[in-house]
Amino acid sequence: MIEFRNVSKTFARNGHQIQALDNITLKIEKGDIFGIIGYSGAGKSTLLRLINRLESPGKGDVVLNGESLQGVTGKRLQAIKKNIGMIFQNFNLLNAKTVFHNVAIPLILQGKDKAFIQARVTELLDFVSLGDKAHSYPDELSGGQKQRVGIARALATNPSVLLCDEATSALDPHTTVQILLLLKEINQRYGITIVLITHEMSVVQKICNKVAVMERGRVVEHGEVFTLFAEPRHAVTASFVQSVIHDRLPARVDALLQAHGRGLRLEFVGNTAQQPIINRIIKSYAIEINILFASMSEVQNRIIGFMIVQIQGDDAAITSAIADLHEAGVKISDV
């Protein structure tokens, strides 16, 4: 549905050329909730702005629904943009206008009649649970309510693509979860493709099915969210994953472990995370297992578990126990 084909983008700043995007090829399928994550300056906002033609690539092509966006102007560009909704980090509401009017703006600009606008805005405000705030002003709302107004406005024209520019970064954790659940409901109910940029892996974990990780204008890794959580291959991806799934010992504890016995890092994925594997291993072999750390997380309705253990016993028994763990589907590495 959305394709970036060998896209590069350079900006001139203070006499210097800055490579914002460097030869990016990426595909976002219809119905995806696609996360684009990276630290500040990674290029994720520039990538997003190419989709709604707020920016144009210096090289390469952006394709939306099979149509190249290169060189599109005038009425055709306006028609394409009507099919794309945008949710902003800072809400972008008009403080002098009511909630109703803020949501109605895209429809007013399209020249819709009053009866249509009244019905559509009422429907959307009810959907985002703000039906009783139609005549309120943005300054009277909480941050979460303001973002709900922004979401309702973005949906006004029945877009097939919804772009979210750090849509939850200005919100507290509880409100963030509510907004993410609302976005997920929008995707499931209306089949809208959502492209979400963020610097928080917890956001990706909660609602995205696919993700691209960016660094210095490049996509360094992309794929199914569960796969990247279970097996991150790039250091940047691993850093983001570890921000929400803690699978490492503190340095001081790690030093003590190295001095006493053998340390193993165990990874349990899917069904293995719900089996009493460690209990069975202890009963089956003449070994001792000291569990130093354990965590469990849910990603895309599947479980990922990590455990750091200290294992002691006869070398032959340890070797057999490790082989048994491998056979059971546990991924093992030395600490």
Side-chain angles (χ1 to χ4, degrees), residues 1-7 21-39 42-52 60-66 69 83-87 154 159-169 176-177 179-215 217-245 269-270 297-304:
M1 182 176 191
I2 303 170
E3 289 187 72
F4 300 92
R5 298 175 178 173
N6 305 112
V7 169
L21 300 174
D22 187 3
N23 196 34
I24 288 179
T25 295
L26 191 66
K27 189 172 184 179
I28 299 171
E29 303 286 355
K30 178 178 173 59
D32 277 345
I33 305 182
F34 197 101
I36 301 173
I37 190 167
Y39 295 113
K44 54 189 185 297
S45 293
T46 302
L47 194 66
L48 192 78
R49 290 164 66 87
L50 293 178
I51 299 173
N52 60 3
D61 197 9
V62 181
V63 178
L64 178 63
N65 292 328
L69 300 184
N83 201 34
I84 302 171
M86 185 82 179
I87 303 171
S160 64
V161 176
L162 192 59
L163 307 180
C164 303
D165 185 2
E166 300 277 9
T168 60
S169 63
T176 291
V177 172
I179 294 299
L180 293 177
L181 289 175
L182 178 58
L183 291 174
K184 193 168 186 177
E185 183 180 355
I186 289 167
N187 171 262
Q188 293 174 342
R189 180 180 294 193
Y190 301 113
I192 294 176
T193 303
I194 297 177
V195 183
L196 184 152
I197 66 171
T198 183
H199 60 274
E200 301 173 278
M201 199 62 168
S202 59
V203 170
V204 172
Q205 178 189 9
K206 285 182 175 66
I207 69 166
C208 296
N209 65 305
K210 295 177 185 174
V211 62
V213 183
M214 295 191 66
E215 182 187 38
R218 288 179 173 269
V219 173
V220 297
E221 192 167 1
H222 66 92
E224 296 283 343
V225 170
F226 185 85
T227 301
L228 265 67
F229 267 82
E231 299 181 21
R233 297 185 178 182
H234 194 277
V236 173
T237 309
S239 176
F240 276 118
V241 169
Q242 288 167 21
S243 70
V244 292
I245 296 182
V269 177
S297 298
E298 184 177 3
V299 180
Q300 290 187 286
N301 299 316
R302 296 173 68 186
I303 300 297
I304 299 178

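Please read all numbers here as calculations on a predicted model, not as lab measurements.
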Next on the checklist: Show, in sequence, the C-alpha distance, side-chain angles and deciding distance for Ile37 and Val211, and conclude whether the side chain to side chain contact (heavy atoms under 4.5 Å, CB included) test is met.
Outcome noted: CA-CA 7 Å; Ile37 190 167; Val211 62; 3.9 Å; yes

Checklist entry - What pairs with Glu3 under salt bridge (charged side-chain N to carboxylate O under 4.0 Å, His left out), at least two apart in sequence or on another chain? => result Arg5

Checklist entry - If you look only at pairs with a residue in residues 184-207, which of them pass as a salt bridge (Lys or Arg N to Asp or Glu O under 4.0 Å), with sequence neighbours excluded? => result Glu185-Arg189

Checklist entry - Sub-3.5 Å donor-acceptor pair from the side chain of Lys44 to the main-chain atoms of Gly38, do we have one? => result yes

Item to check | side chain to side chain contact (heavy atoms under 4.5 Å, CB included) partners of Glu298, counting only residues at least two apart | outcome: Asn301, Ile303

Checklist entry - Between Val236 and Val213, what is the shortest heavy-atom contact and its length? => result CG1-CG1, 3.7 Å

Checklist entry - Taking the side chain as C-beta and beyond, is there a heavy-atom pair between Leu26 and Phe34 under 4.5 Å? => result yes

Checklist entry - Is Ser239 close to Tyr39 at the side-chain level, that is, under 4.5 Å between some pair of heavy atoms? => result yes

Checklist outcome for this item: Minimal heavy-atom distance between Met214 and Leu47, with the atoms involved, is SD-CD2, 3.9 Å

Checklist entry - Would you say the side-chain atoms of Asn83 pair up with the backbone N or O of Val161, donor to acceptor, closer than 3.5 Å? => result no

Checklist entry - Sequence neighbours excluded, which residues qualify as salt bridge (charged side-chain N to carboxylate O under 4.0 Å, His left out) partners of Asp165? => result none

Checklist entry - In this structure, which one of Ile192, Ile33, Leu162 forms a side-chain contact (heavy atoms from CB on, under 4.5 Å) with Leu183? => result Leu162

Checklist entry - Below 4.5 Å, heavy atoms only, C-beta onward: do Met1 and Ile28 meet side chain to side chain? => result no

Checklist entry - Does the side chain to side chain contact (heavy atoms under 4.5 Å, CB included) test come out yes or no for Phe226 and Val269, once each step is laid out? => result CA-CA 10 Å; Phe226 185 85; Val269 177; 3.2 Å; yes

All N/O donor-acceptor pairs, side-chain side in residues 217-225, below 3.5 Å, sequence neighbours left out:
{"unit_1": "Arg218", "atom_1": "NE", "unit_2": "Asp22", "atom_2": "OD2", "d": "3.1"}
{"unit_1": "Arg218", "atom_1": "NH2", "unit_2": "Asp22", "atom_2": "OD2", "d": "3.0"}
{"unit_1": "Glu221", "atom_1": "OE1", "unit_2": "Arg233", "atom_2": "N", "d": "3.2"}
{"unit_1": "Glu221", "atom_1": "OE1", "unit_2": "His234", "atom_2": "N", "d": "3.0"}
{"unit_1": "Glu221", "atom_1": "OE1", "unit_2": "Thr237", "atom_2": "OG1", "d": "2.7"}
{"unit_1": "Glu221", "atom_1": "OE2", "unit_2": "Arg233", "atom_2": "N", "d": "3.0"}

Checklist entry - Mind checking what makes side-chain hydrogen bond (donor to acceptor under 3.5 Å, both in side chains) contact with Thr227, not counting sequence neighbours? => result none

Checklist entry - Between the side chains of Ser160 and Tyr190, is a donor N or O closer than 3.5 angstrom to an acceptor N or O? => result no

Item to check | side-chain contact (heavy atoms from CB on, under 4.5 Å), paired with Leu163, selected from Ile87, Ile84, Ile194, Leu196 | outcome: Ile84

Next on the checklist: So which atom in Gly43 and which in Leu21 form the shortest heavy-atom distance, rounded to 0.1 Å?
Outcome noted: O-CD2, 3.4 Å

Checklist entry - What are the two closest heavy atoms between Gly85 and Pro159, and how far apart are they? => result N-CB, 3.5 Å

Checklist entry - Considering only heavy atoms from C-beta outward, does the side chain of Phe229 approach that of Val244 to under 4.5 Å? => result yes

Checklist entry - Side chains of Thr193 and Asp32: is there a donor and an acceptor less than 3.5 Å apart? => result no

